[in-house]
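The structure's right below; bear with me while I get my questions together.
When reading the values below, keep in mind they use all heavy atoms of this one structure, side chains included, and skip hydrogens, waters and symmetry mates. The chains referred to below are lettered A, B, ... by the order of the sequence lines, with proteins before strands, and numbering in each begins at 1.
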2 protein chains.
Amino acid sequence: MSDLRTVPTLDDVARAAGVSTATVSRCLNSPERVVEQTRKRVMSAVEALGYTPNFGARVMAAKRTFTIGAIIPTMENAIFARGLQAFQEELHARGYTLLVASSAYEPKIEEDQIRALVARGADGLLLIGQDRDPEIYDYLKARSIPVLSAWVYFPNSGRPTVGFDNRQSMRALAQQVIDFGHRQIALISGITKGNDRAAARLAGLRDALSANGLDPIAMPVIETPYEIENGAVALQTLMQADTRPTVVMCGNDVLAVGALRGARDLGLSVPEDVSITGFDDIELARIVAPQITTVHVPHREMGRKAAIALIDMVEKRGTGDTIELKSKVQLRDSLRDLTC
Amino acid sequence: MSDLRTVPTLDDVARAAGVSTATVSRCLNSPERVVEQTRKRVMSAVEALGYTPNFGARVMAAKRTFTIGAIIPTMENAIFARGLQAFQEELHARGYTLLVASSAYEPKIEEDQIRALVARGADGLLLIGQDRDPEIYDYLKARSIPVLSAWVYFPNSGRPTVGFDNRQSMRALAQQVIDFGHRQIALISGITKGNDRAAARLAGLRDALSANGLDPIAMPVIETPYEIENGAVALQTLMQADTRPTVVMCGNDVLAVGALRGARDLGLSVPEDVSITGFDDIELARIVAPQITTVHVPHREMGRKAAIALIDMVEKRGTGDTIELKSKVQLRDSLRDLTC
DNA sequence: AAGAGCAGTGTAAGCGCTTACATTCAATTC
DNA sequence: GAATTGAATGTAAGCGCTTACACTGCTCTT
């Protein structure tokens, strides 16, 4: 291959094909508006020159970037990986590119990232959860950039969401735990401030306690960032209390796996000495021994539907539908049935 | 907040501050060239109007996108997550944005993704490994887009790499295995075609065998995509052979974790009945019981250094240095010392 | 057979920014 | 004090593309 001195432009193609730049542009963007014969000529010129449209110029002229931004709290563990993968596959299939950033669960960083993505011309944004400074929503609205919140389901928030009901899900899991005879329940939660999923899960657990005549206030709760190590430490703290819990429920599977290791390090067996539950049903939950009882979330489906919904908002200028997905309690070995 | 009718432009800011657009542009891009007083005035106008530069226009005028593209084989497991996270943090700190795509280990898809990233104006590209169609390198060269290969170290390839020597690393691990008295060694490898890391690891293992008077040809090898399930299946196949291996080495930790589960399902204990080793030292390796003996790779350091090196290449401060990072055998419980 | 209608194509005006070059003016030099 | 210098700022030419609008030469109407 020869070393091209410069990258060819629309103009070069037009000249080579003996047409105007407008025709070349049309060939590329709405081929049906150009007659077959011309189109062929143009396309072979494109081919011959190895022409690729200049992204910046196209963005500027068309005022569309075909870019969707997504900001997730973390890339370091698999919580969002599968959903995001599906999201990106669906976007790709529809001609969009995904721009990912992560916020490390920091609202400040998230805000920066939102601005960065907007500055880069993202046509739409996928965010996780809904709990953020209203000013950000104003900012996005002023620029008419559609936003979709995933991983949550809030039908009455006035903003579209695609996800599942974290509160109900946790409540359902807790009900199961209670039905299994557990009364001494403790929770290792993620940080609830600025994290509506974590907050909802905590609330759901309390709902279940109240509904079963147990005191939600008395329940020991440790809030800690979603990291395996933190789960281990938290479990050890909980097990040193005067009245040991019979079950330690965790805000997600990452904490649960940590708790499992913490128990192991303490010489406790799970679920004989203490039961552990998780949330999310990421691969991790099935890899460890015992496998972790958790709430299964349809990650891939969520990612796919989020992509479809968001593109819809971008293209149809629709306001965006809220979509509810169903989660499901996934019983495994880490939860002991005390009633047997 | 009021609903802005239109997004403010450089011109609006210039008018509001009573200066020319050039001055505003300079305030934003090289503030030291504008006198303090003016700069302050401009900045408060920027603030007041909520101005954000238009990405497309900036790209077009500056012929730079401040975007770095990265194509990784997969986002679905954690192999690349940590390194990529560090990569993106470093980029962000230096004013660049990361565009990530994944290829599903398919050369065809990777090629598409490369073209897509280039079309979007990526200033530089991070790829994993070096084994790909030379035509792609020509294509990138013609557009003078710097490329850096990570996760490998090939000092004499003529292209910059940032990573570790997969072959030597595997050889070192294998030497340890042999020193522990293992003679019946089997390998569950990733697919080596188009994957120089997998190929190098296989080669390194063979090196060690030869160096110790063992027959590299006789070693059972199963090649399979990097998925937990595949590791489980492969282990079971290997254990059904006439002469059972005393150790099953795996191309990475994902396969090793799968192998571990496969052993468990077969009722075998690790490492009593069979030893297992991994590669990469991702979090997974420490979560499972027993913890997996593996090769530790400095993921975060690799990501950070890759970012620095690539930006260097983009900004023409260098042609791209090859950087070697040191891996390290990480002994854990899944490998039994037969000599005791 | 003249006009209407329309498909196919061309012309040219931006899109919002960066930056080379031009201009201004105060400080410095001789 | 005139000339020189250089820092600070302004002017305006693109960057490569899309698209509104204009134009051309058909095929239909009536």
Open item on the list: At less than 4.0 Å, is any side-chain N or O atom of B:T9 found next to OP1 or OP2 of C:dG16? Yes or no.
Closed with: no
Open item on the list: Does atom CD (B:E32) have a neighbourhood of more than 12 heavy atoms from anything else shown, all under 6.0 Å?
Closed with: yes
- [ ] Would you mind reading off the distance between A:M60 atom CE and C:dG16 atom C1', rounded to a whole angstrom?
- [x] 4 Å
- [ ] Output yes when at least one side-chain N/O atom of B:R58 is less than 4.0 Å from OP1 or OP2 of C:dT18, else no.
- [x] yes
Task: Side-chain donor/acceptor of A:R39 to base of C:dG8, under 3.5 Å - done: no
Open item on the list: Without decimals, in angstroms, what is the distance between B:K40 NZ and D:dA8 P?
Closed with: 16 Å
Task: C:dT18 OP1/OP2 closer than 4.0 Å to side-chain N/O of B:S25 - done: yes
TODO: From the options D:dA8, D:dC17, C:dG16, select the nucleotide whose nearest atom is closest to the side chain of B:A57.
DONE: C:dG16
Task: Atom pair distance, as rounded to whole Å: CD in B:E32 and P in D:dA7 - done: 12 Å
Open item on the list: I want to verify a distance call: between C:dT18, D:dT19, D:dT11, whose nearest atom is closest to the A:A22 side chain?
Closed with: D:dT19
TODO: May I have the distance from B:R33 (atom CZ) to C:dA20 (atom P), rounded to whole angstrom?
DONE: 9 Å
- [ ] Looking at every strand, decide which applies to A:V59 at a 4.0 Å heavy-atom threshold: base, sugar-phosphate, or nothing.
- [x] nothing
Open item on the list: Is B:N29 close enough to C:dT18 that one of its side-chain N or O atoms is under 4.0 Å from OP1 or OP2 there?
Closed with: yes
TODO: Measure from CZ on B:R41 to C1' on D:dT9 and round the result to the nearest Å.
DONE: 11 Å
- [ ] Check B:Y51 against B:P8 and note the closest heavy-atom contact, atom names and distance.
- [x] CD1-O, 3.4 Å
Open item on the list: Quick check for you: among D:dT9, D:dG14, C:dT9, whose closest atom lies nearest to any side-chain atom of B:A61?
Closed with: D:dG14
Open item on the list: With a 4.0 Å cutoff (strictly under), does any side-chain N or O of B:T21 reach OP1 or OP2 of C:dT18?
Closed with: no
Open item on the list: So, OP1 or OP2 of D:dT9: does either fall under 4.0 Å of a side-chain N or O from B:T23?
Closed with: no
Task: Six-ring centre of B:F154, B:R159 cation under 6.0 angstrom, axis tolerance 45° - done: no
TODO: Identify which nucleotide among D:dT19, C:dG16, D:dC17 has an atom closest to any side-chain atom of A:N54, counting heavy atoms from C-beta outward.
DONE: D:dC17
Task: Of B:V34 and B:K63, the one whose closest DNA chain D nucleotide lies more 5' - done: B:V34
TODO: Specify the separation, in whole Å, of atom CZ of A:R26 and atom C1' of C:dG8.
DONE: 8 Å
Task: Distance, rounded to the nearest Å, where A:R64 contributes CZ and D:dT19 contributes C1' - done: 15 Å
Open item on the list: Assess the residue pair A:F66 and A:Y96 against the criterion (ring pair (Phe, Tyr, Trp, His ring centres under 6.0 Å)); give the C-alpha distance rounded to whole Å, side-chain angles, the decisive distance to 0.1 Å, and a yes or no.
Closed with: CA-CA 5 Å; A:F66 290 95; A:Y96 284 77; 5.3 Å; yes
Task: Sugar-phosphate only, base, or nothing, as touched by B:F55 at under 4.0 Å among non-hydrogen atoms - done: nothing
TODO: Please state how far atom CG in A:L10 lies from atom C1' in D:dT18, giving the value in whole angstrom units.
DONE: 9 Å
Open item on the list: Using 30° and 60° as the class boundaries, would you call the ring planes of A:F80 and A:W151 parallel, tilted or perpendicular?
Closed with: perpendicular
